[in-house]
Each structure stands twice: as C-alpha cells, then as structure tokens.
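Notes for the one structure printed next.
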Amino acid sequence: MSVTPKVAVLGAGIAGLSAAFELTRSGVDVVVIDPADRAGGKLRTSPLAGIDLDESADMFLARLAWGIDLCRDLGLEATLIHPAIGSALVVHEGQLRRLPEGLVLGVPSDVEAVRASGLLSDAGLARMAEDLARPEGPPEENLEVDRSVGELVRSRLGDEVFEMLVDPLLSGVNAGRADDLSAKLGAAQLFAAAQRDQSLMRGARAQLGALPSSGERAPVFAALPGGMGTLIAALVDAIGTDHFRLGETATDLVEQPDGRLAVTIGATSETVDAVVVATPAPVSANLLRAHVASVGAQLQTLRYASVAIISLAFERAAVPGLLDASGFLVPRRAGLLLTACSWSSSKFPHLGADGLVRLRASVGRSDDTRFVDLEDRDLILAVRAELASLMGIEAEPVAVRVNRWPDALPQYQPGHEKRIALIEADLADHLPRVVLAGASLRGLGIPACIDSGRRAARTLIKQLVPTAS
Ligand SMILES: Cc1cc2nc3c(=O)[nH]c(=O)nc-3n(C[C@H](O)[C@H](O)[C@H](O)COP(=O)(O)OP(=O)(O)OC[C@H]3O[C@@H](n4cnc5c(N)ncnc54)[C@H](O)[C@@H]3O)c2cc1C
C-alpha cells in the first residue's frame with residue numbers, strides 16, 4: 001500500500017461526493033471520476049427567469065439526520081431553509097382539493113379530516129374505518145418480512161385510501177407504483193406503524209402522537225436558498241477541484257498483483273488502493289460483473305423510472321387563486337400526463353421575490369412513459385393544457401425549461417434490502433476494497449444517498465488508515 005492511501009470514487013453524484021468528502025477528511029487521497037462535465041449527478045441547479053431553481057431535487061427530508069449533518073460539516077447548516085407551506089392538494093374529479101391533515105405517507109390518522117376532505121366515497125370511508133375495529137397491539141403475522149406498500153395498505157384500509165392518498169404521494173417520490181414498492185425501504189414509517197398495531201391508522205396516530213405538538217415540531221424538509229447546487233459546490237470545494245477527473249468514464253477495474261486496483265479510464269488508468277462505486281446500478285453491474293458474476297447479475301435486475309421536470313415562470317396576474325399550498329399530486333386514475341406540480345415560489349417565497357410565480361411540473365412514472373416520445377415543444381404544450389384546466393393558467397409563461405431525467409429513479413421491489421445485503425456480502429468476500437454507494441442501495445432520497453457514500457468511505461477508512469477507530 002502507498003504511504004498515503006488513494007481511493008478512486010466512481011460517480012460524482014451526491015453519494016460519490018459524500019464518500020470523497022469523508023475520505024478526504026480522514027487524510028485519504030481521492031480521485032473522483034465522472035463522464036459528466038460537472039459534479040452533482042442528478043442534483044443540478046440553474047436560473048429560470050433570473051433566479052436559481054433546481055432542475056431535479058429541491059429539498060430533502062430533515063427527519064433523517066444525514067442531510068443536515070453533512071450541511072453542518074460543510075458550514076451550510078445556518079443557511080438551511082424550510083418550506084413556508086406544508087399542506088398540499090390532490091386532483092379529484094378534475095379539480096384541485098386539499099389533502100386532509102394528519103397523513104403519514106398518505107395513511108390517515110383522522111377519520112373526520114378524511115371525511116371533510118370529500119376525497120373518498122361513503123363506501124371508501126366505511127372500508128377505511130374498518131381498520132380501527134381491529135384489535136389493538138401488534139399483528140400475529142411476521143411483518144418483519146417485507147411486502148409491497150399496496151399489499152400493506154389495500155388490505156388494511158381499502159383501495160380508495162391507497163389510490164387517492166398513498167399511491168399519489170409515494171409515486172410523487174419515486175415515480176413508481178406503490179403496488180410494487182418495498183414497504184420496508186419505500187415507506188419505512190408505514191412499515192413501522194404496521195408492526196406496532198393491527199390498525200394502520202392507530203399505528204400512524206401513534207407516530208404522530210410521538211411528535212411534539214405542531215408548534216414545536218421540527219420542519220419535515222430542508223432546502224438551500226441557492227438550491228441543491230450550493231451543496232454540490234460546497235462538497236467540490238471541500239474535496240478540492242484538482243481531485244476530479246470530469247468528462248472521463250471509468251470502464252473497467254483490474255486487480256494488480258500487489259493487491260491494488262487499476263481503474264481504466266479511456267486509454268489511461270488510475271492505480272489506487274480501493275474504489276467506491278457510486279454509479280447507477282447498470283453501470284456498477286458492468287464494472288463488477290467480471291469480478292463477481294453474482295453481483296453484476298443482481299445489480300442488473302434493478303429497474304429505473306424516467307421522469308422530466310417542466311419548470312415554468314408566470315406573471316402573478318396570470319395565475320388565478322391564492323397559491324396557498326406546496327403544490328398538487330395527481331392520482332393515476334386521473335389519467336393525466338402530470339404526476340405532480342410543485343408550487344416552488346409558494347414553498348420557497350424567495351423563488352418569487354421578483355413577483356413571478358415559479359412552478360415545477362413533473363411527468364413520467366415507471367408505467368407511464370408517454371412523455372418520452374414528445375418533443376420538448378409538445379411536452380410543454382401538453383403540460384400547459386393540463387395546468388390550464390386545473391389551475392386556470394391560460395397565459396404564456398415568461399420562461400420555461402424542460403429537464404429530462406432518463407432512468408433516474410430506482411424502483412425498489414419487496415425484498416430489495418435483503419438483496420442488497422447479499423450483494424454487499426458477495427462483494428466484500430471477493431473484492432473487500434471495492435464498496436458500493438448510491439441510490440441503488442437503501443434509499444433514493446438525498447439523505448440516504450449521503451449516508452451510503454459516507455458509510456462506504458468509513459468501511460474503506462477502517463481498512464486503509466490503521467489509526468482509524
Ligand atoms: C427529478 C428528480 C427529483 C428528485 N427529487 C428529490 C427530492 O426532492 N428530494 C430528495 O431527497 N431526492 C430527490 N430525488 C432523488 C435524488 O436526487 C437522487 O436519488 C440522488 O441525487 C442520486 O444520487 P447518486 O449519487 O446515488 O446518483 P447520481 O446522482 O445518479 O450519480 C451517479 C453518477 O455516476 C456517474 N457515472 C455514470 N457512469 C459512470 C462511469 N462509468 N464512471 C464514473 N461515473 C459514472 C453519473 O454521470 C452520475 O454523475 C430526485 C431525483 C430526480 C431525478
């Protein structure tokens with residue numbers, strides 16, 4: 001091993017950058033390789049009508065410590081902001097209706113609030129209320145076994161709650177079908193609630209009850225005024241720009257006789273002591289297949305959904321209504337191209353400081369790829385037609401942009417976590433100095449990706465830096 005150990009980080013998304021940051025802090029030399037000409041992967045911010053607006057993720061869960069911790073380590077904590085509005089709307093019978101209060105990932109805790117929302121039929125309400133008649137206490141079945149969110153929620157609360165409340169919310173996060181989504185990874189709060197009580201609603205209530213009263217409650221989401229690009233810039237700064245090989249693709253790993261690894265990068269290579277593979281699963285599969293066939297084969301099975309964000313800026317006068325929500329969700333049954341629309345300048349008022357209304361409309365799900373075949377111009381027209389019908393916006397936008405994210409969001413099927421644990425164990429057996437990180441593992445949200453990167457780094461630090469605890 002060289003005197004100062006050196007690690008190659010493949011992929012400069014938030015997971016790879018988090019790994020590189022952790023390694024750098026421990027005195028490990030790093031080289032970060034990414035085919036893109038800038039760091040950040042899926043996180044990108046650019047101006048829309050003169051104000052920086054995220055092109056993909058615009059906030060992260062504050063409840064999971066990993067995002068906040070990284071911001072603290074980078075000196076960004078004091079600049080964090082939180083959405084000004086929590087409540088959201090949902091499309092129901094062609095109109096925007098307010099979601100009831102007290103939802104835990106779409107699962108109601110308050111029957112009356114759901115009744116008052118008018119979102120469920122009488123039969124749907126009655127079916128939902130049956131859940132509360134179940135005996136108190138944990139169920140007999142072994143809920144340690146992962147299952148789909150659909151299986152969990154439909155069986156306890158009926159199809160309407162699932163289709164109107166739970167699926168729209170969760171598919172707004174991962175652009176998939178909650179019927180296929182691992183409850184353990186994709187809806188951990190519901191998974192925990194289901195283990196606590198035979199009634200999912202009581203389980204949800206208990207979770208809300210465990211929180212401080214709403215006045216003292218910590219914010220659910222955090223963001224940065226300059227967008228997620230600020231986080232990326234701070235990470236790149238802390239790692240050091242001379243540690244990046246951007247615009248270059250890692251194509252192979254070659255084990256050296258001395259135990260080191262050579263990363264092939266075009267006609268060149270980097271010889272390092274260890275590697276963090278923080279690339280999307282199909283790329284990781286290609287890099288690792290020749291070394292551990294089972295790892296390549298398993299990673300290859302992960303499916304991704306493609307999405308696009310259409311960001312629009314309008315004069316305030318062109319947008320009717322109070323805009324007193326964070327945006328709206330769209331249930332599948334509405335049959336729209338839109339899957340959600342974030343009212344960015346309502347959520348974060350500085351994004352409307354110039355008097356413009358900024359919206360970010362999302363399209364695309366794992367089972368709805370219609371947008372992929374539309375040219376940008378037609379996609380914008382289709383989205384504007386739906387916004388006209390739902391929000392009454394007829395005017396031309398002042399600015400508009402389309403950001404397409406092909407194969408961007410991993411779809412965790414039930415049992416995913418177990419599969420990942422086996423993949424990691426196989427990799428550790430065969431290539432102990434190669435560690436995986438990123439959204440393909442245990443969560444696609446920014447905090448989970450940060451955690452995966454820092455964890456991967458710590459695994460290697462233990463092996464490479466003898467003094468590390
Ligand atoms: C539209 C959208 C909205 C989202 N909204 C939110 C949100 O509001 N909140 C939230 O928490 N999360 C959100 N997410 C999810 C989150 O942004 C991503 O899951 C996360 O950024 C993924 O980070 P990553 O580092 O794992 O992967 P990536 O960002 O995909 O990084 C992987 C990197 O690997 C590189 N690479 C590819 N091939 C190679 C190779 N051969 N060699 C080297 N490098 C390679 C790629 O160029 C890329 O830069 C959103 C995602 C999308 C797409």
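Throughout, numbering of the chain's residues begins at 1 and tracks the sequence. Every heavy atom of this structure was used, including side-chain atoms; hydrogens, water molecules and symmetry mates were not. For ligands, and for the atoms within them, numbers begin at 1 and follow the listed sequence.
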Do you see a protein non-hydrogen atom under 4.0 Å from atom 27 (O) of ligand 1? no
Specify side chain, backbone, both or neither for I14, according to which of its non-hydrogen atoms lie closer than 4.0 Å to ligand 1. both
Are any of the N/O atoms in L61 less than 3.5 Å from those in ligand 1? no
Around atom CZ of R455, are there more than 12 heavy atoms of other residues, nucleotides or ligands at under 6.0 Å? no
Which of the ligand 1 atoms, numbered from 1, are nearer than 4.0 Å to a heavy atom of D58: 8 (O)
Which atoms of ligand 1 sit under 4.0 Å from any heavy atom of I446? 10 (C), 11 (O), 12 (N)
With nothing but distance in play, are any N or O atoms of D34 less than 3.5 Å from an N or O of ligand 1? yes
Assess, by modelled atom type and distance only, whether the side chains of T279 and S284 contain a donor and an acceptor separated by less than 3.5 Å. yes
Flag the pair R365 and D367 as a salt bridge only when some basic side-chain nitrogen lies within less than 4.0 angstrom of an acidic carboxylate oxygen. no
Separation between CE of M59 and OG of S342, rounded to the nearest 0.5 Å: 6.5 Å
Among all protein non-hydrogen atoms, which one is nearest to atom 32 (C) of ligand 1, and what is the separation to 0.1 Å? A278 O, 3.5 Å
Any salt bridge between R454 and D73, counting N to O under 4.0 Å? yes
Which residue owns the protein heavy atom closest to atom 43 (C) of ligand 1, what's the atom, and how far is it? I33 O, 3.3 Å
Any N or O of V307 that comes nearer than 3.5 Å to an N or O of ligand 1? no
Check ion pair K418-D146 (N to O, under 4.0 angstrom): no
Per-atom filter on ligand 1: closer than 4.0 angstrom to a heavy atom of G438 are 26 (O)
So, is C449 polar-close to ligand 1, with some N/O to N/O distance under 3.5 Å? no
If you scan protein heavy atoms around atom 50 (C) of ligand 1, the nearest is A57 CB, 4.0 Å
How close does the nearest protein non-hydrogen atom get to atom 19 (O) of ligand 1, and which residue and atom is it? L444 O, 2.5 Å
Which residue holds the protein heavy atom closest to atom 34 (O) of ligand 1, what is that atom called, and what is the gap in Å? G11 CA, 3.4 Å
Nearest-0.5 Å distance, CG of residue L329 to CG of residue L338: 11.5 Å
Using distance alone, decide if ligand 1 has a nitrogen or oxygen within less than 3.5 Å of any nitrogen or oxygen in P35. no
Could you tell me whether D273 and R260 have a side-chain N and a carboxylate O separated by less than 4.0 Å? yes
Side chain, backbone, both or neither: which part of L43 comes within less than 4.0 Å of ligand 1 when only heavy atoms are counted? side chain
Report the nearest protein non-hydrogen atom to atom 53 (C) of ligand 1: residue, atom name, distance rounded to 0.1 Å. A408 CB, 3.7 Å
Tell me whether A15 has any N or O atom under 3.5 angstrom from an N or O of ligand 1. yes
Rounded to the nearest 0.5 Å, what's the gap from CH2 on W66 to CZ on F60? Could you check? 13.0 Å
Option nearest atom 37 (C) of ligand 1 (shortest heavy-atom distance, choices A12, S18, P280): P280
Basic-acidic side-chain contact under 4.0 Å: R360, D54: no
Should V9 and I33 be marked as a side-chain contact (heavy atoms from CB on, under 4.5 Å) after you check the CA-CA gap, both sets of side-chain angles, and the distance that decides it? CA-CA 6 Å; V9 176; I33 300 148; over 6 Å; no
So does E375 have more than 12 non-hydrogen atoms from other groups sitting under 6.0 Å from CD? no
Atom 29 (O) of ligand 1 sits nearest the protein heavy atom K42 N, 2.8 Å
So which protein heavy atom does atom 8 (O) of ligand 1 come closest to, and at what separation? M59 O, 3.3 Å
Apply side-chain contact (heavy atoms from CB on, under 4.5 Å) to the pair L253 and T264, showing each step before the final yes or no. CA-CA 6 Å; L253 299 179; T264 310; over 6 Å; no
Atom indices of ligand 1 within 4.0 angstrom of V283 heavy atoms, with elements: 38 (N), 39 (C), 40 (C), 41 (N)
